[in-house]
Amino acid sequence: LAKTTQPISMDSYEGQEVNITCSHNNIATNDYITWYQQFPSQGPRFIIQGYKTKVTNEVASLFIPADRKSSTLSLPRVSLSDTAVYYCLIKGAGGYNKLIFGAGTRLAVHP
Amino acid sequence: NAGVMQNPRHLVRRRGQEARLRCSPMKGHSHVYWYRQLPEEGLKFMVYLQKENIIDESGMPKERFSAEFPKEGPSILRIQQVVRGDSAAYFCASSPEGAEETQYFGPGTRLLVL
């Protein structure tokens, strides 16, 4: 079962770049790495997904080294509205696509 | 293009009553997932359904909980004889055929058992 480890919390300031790293030592060959964002009292929102190397969209970048045992979510120039919990997920074992959520990383962006 | 819809958004029940939570997936999505989230914790997978089929219910408690996704209409998560420990946020997610690793979540139903 692919387990993820990420920092419990992080603090940043407006305008800074934030990098959240997730460890997933026993990721399977066919698994994708997915990041979700969750605001209080809302459902998680898909941010980005990747398999290897680098993926970039309008919200974030995802860096995945060759061994795929970790990944880093990069949020450029964060604002106060980026304060949320960020979850790193690996597709669950068993092939039935259940997402395994850890405790996530609570990012607090300060003015 | 409406997202995943859940209702009610808030539900209050007394111990022993039944709770029925509804989820309408995004248009064109045939896969539905239910998750439960306790305060200050991550989401916990409960069940994965396709139309008229339960694919994976490994996260469902053995008693009192059931789920369905009929051919017509929303998916229903049903909790019989609720207890205080059932108080949580219940989230539904959906995904399209062929892209099951990308799940889109609804706003959740917050169940409070008095």
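What's counted below: heavy atoms across the whole structure, side chains too, no hydrogens, waters or symmetry copies. All chains are named by letter (A, B, ...) in the order of the sequence lines, taking the proteins before the strands, and each is independently numbered beginning at 1.
Proximity to chain A (any heavy atom under 4.5 Å) is shown, for B:Q6, by neither the backbone nor the side chain. With a threshold of 4.5 angstrom between heavy atoms, A:R106 approaches chain B through side-chain atoms but not through N, CA, C or O.
Per-residue heavy-atom pair counts under 4.5 Å with chain A were compared for B:Q37, B:K44, B:R9, and the maximum is reached by B:Q37.
Between B:I54 and B:A67 the shortest heavy-atom distance is CD1-O, 3.6 Å.
In this structure B:E63 satisfies the salt bridge (Lys or Arg N to Asp or Glu O under 4.0 Å) test with no other residue, sequence neighbours excluded.
A cation-pi arrangement, defined by a distance under 6.0 Å to the six-membered ring centre and an angle within 45 degrees of its axis, is present between A:R68 and A:Y51.
Ion pairing between B:E68 and B:K51 fails under the 4.0 Å rule for side-chain N and carboxylate O.
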